[in-house]
Amino acid sequence: MVNNLENTCTLCEEYLAVLDIKQKQQLCQKNFCELQTDLREYKMTNVIRYFIRKVHEDLIFLGIYLSCKENDMTYMHNSIFQGNRFGTIRSNCLQGGVDQADNLTNIILALASNDIEILDKIMPYHLGFSTNGFLHAHYNMIMSLMNKDIENANRAKNQLEKFMSKKRSKLELSFSRYLVSLIERDLNKISIYLQEICVYLTRTDWVQHAIFLSVSYNKLGHSVALFAHGLYHLAYFYLTPEEFSKIEMPEHKSFIKEYEYYNHKNGFCSGKTLIDFTNENKLLSRLIDIDIIPEITLKEESNKRYLNVEEFEKKLLYNLRDAGIISFEMEGEEYVFKSFK
């Protein structure tokens with residue numbers, strides 16, 4: 001085991017509330033029991049949001065910890081997959097004040113676990129370009145690259161160049177340059193800017209805030225460059241195999257090379273669930289199924305487009321009801337919980 005894995009193990013032992021899968025299963029079951037009680041006393045949507053938040057807590061780094069401890073990257077792969085699906089539901093039930101670009105970090109984490117299936121839900125091509133969001137040009141480039149849409153990628157390149165013409169942080173510039181280098185297929189610069197991204201990720205907190213919606217994971221987030229792993233996978237999905245083979249992995253303690261050796265060996269296959277909730281209850285086992293997670297939609301207000309979080313939450317609840325997982329009734333505009341099935 002190399003030093004960066006040992007350091008990550010130590011940090012996880014310091015910051016995580018649970019350190020094994022059985023503990024997390026038991027904690028999630030406790031969260032579910034509390035959910036059943038709270039649903040009869042409080043607003044249904046607020047209680048379910050809080051439940052998803054509790055299940056999401058520590059899930060990604062639990063898998064990373066187990067991978068570092070056991071030297072088995074399957075844990076990390078599956079925890080990013082499962083954790084990001086819970087995180088995606090959670091973030092899309094909260095109004096971020098922007099349009100589909102608000103899903104940028106969820107998209108990059110989905111790429112880190114090769115969860116291509118969920119991209120149609122959180123990066124639907126038919127919604128077109130993002131126009132309302134600080135990093136809308138970056139969203140537009142990733143959407144174009146993943147759809148091999150060169151015309152729109154060049155449009156996004158122009159947006160990124162305009163973005164870079166203003167005063168930006170070092171991470172924002174390296175991130176922008178990395179995406180431009182991908183469309184230009186400049187393999188040397190791709191490697192250089194991915195290295196820079198790893199360096200600057202350890203000096204900023206906004207990525208951790210966007211992923212975990214919490215300040216509690218700043219130090220852990222600095223220790224593992226999940227964002228950089230997702231961008232490395234973006235190169236895999238966009239470039240030809242020959243081109244991708246020439247990309248150099250970053251030489252940085254936050255970039256877990258063992259994880260990428262694992263992905264190379266396994267053909268960058270999609271992750272699975274870290275924790276199997278099948279025998280726990282239907283809600284925990286089915287909530288992140290692709291047929292339960294709704295596709296995002298937009299609404300327009302004052303000539304700007306925004307994520308329609310109300311519609312996302314409504315579709316999520318109705319999908320759960322239609323799947324025979326939960327029963328509720330409407331009283332006016334309020335959801336009134338009846339039972340779990």
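Here the structure is a predicted model, which is why all the values come from computation and not from measurement.
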Quick check for you: to the nearest 0.5 Å, what is the distance between [X] atom [atom1] and [Y] atom [atom2]?
| X | Y | atom1 | atom2 | result |
| --- | --- | --- | --- | --- |
| I118 | N106 | CD1 | CG | 7.5 Å |
| S176 | H138 | OG | NE2 | 3.0 Å |
| L94 | F312 | CG | CZ | 10.5 Å |
| Y139 | L127 | OH | CG | 6.0 Å |
| K22 | I275 | NZ | CD1 | 11.0 Å |

If we ignore hydrogens and angles and just use 3.5 Å, is the side chain of [X] paired with the main-chain N or O of [Y] as donor and acceptor?
| X | Y | result |
| --- | --- | --- |
| N84 | I80 | no |
| S130 | H136 | no |
| K24 | L62 | no |
| N319 | I292 | yes |
| S174 | L171 | no |
| D99 | T131 | yes |

If the condition is ring-ring contact (aromatic ring centres under 6.0 Å, His included), which residues does F129 pass it with, not counting sequence neighbours?
none
Does Y262 have any ring-ring contact (aromatic ring centres under 6.0 Å, His included) partners at least two apart in sequence or in another chain, and if so, which?
H77
Compute the centroid of each ring, for [X] and then for [Y], and state whether the two points are separated by less than 6.0 Å.
| X | Y | value |
| --- | --- | --- |
| Y42 | Y50 | no |
| Y232 | Y259 | no |
| F32 | F277 | no |

Please indicate whether [X] has more than 12 foreign heavy atoms, meaning atoms of other residues, nucleotides or ligands, lying under 6.0 Å from its [atom1].
| X | atom1 | answer |
| --- | --- | --- |
| E242 | CD | no |
| N279 | CG | no |
| E248 | CD | no |

Qualifying side chain to side chain donor-acceptor pair (under 3.5 Å) pairs, either residue in residues 329-341, two or more places apart
none
Quick one: which residue pairs count as a side chain to side chain donor-acceptor pair (under 3.5 Å) with a foot in residues 294-315, not counting sequence neighbours?
R49-E313, H126-E295, K299-E310
Steps toward side-chain hydrogen bond (donor to acceptor under 3.5 Å, both in side chains) verdict (R155, N158):
CA-CA 5 Å; R155 282 181 59 201; N158 292 334; over 6 Å; no
Under 4.5 Å between side-chain heavy atoms, hopping through other hydrophobics if needed: is there a path connecting F81 to I107?
no
Output every pair passing salt bridge (charged side-chain N to carboxylate O under 4.0 Å, His left out) with a member in residues 124-143, not counting sequence neighbours, ordered by first then second residue.
none
Pairing of K257 and E260 as salt bridge, 4.0 angstrom limit:
no
Answer yes when R85 and E117 have at least one side-chain N-carboxylate O distance shorter than 4.0 Å, and no when they do not.
yes
Consider ring-ring contact (aromatic ring centres under 6.0 Å, His included). Of F61, Y15, W206, which one does F212 pass it with?
F61
One pair to check against ring pair (Phe, Tyr, Trp, His ring centres under 6.0 Å): Y193 and Y200. What are the steps and the verdict?
CA-CA 10 Å; Y193 294 133; Y200 299 136; over 10 Å; no
For T204, all residues meeting side-chain hydrogen bond (donor to acceptor under 3.5 Å, both in side chains), sequence neighbours excluded:
none
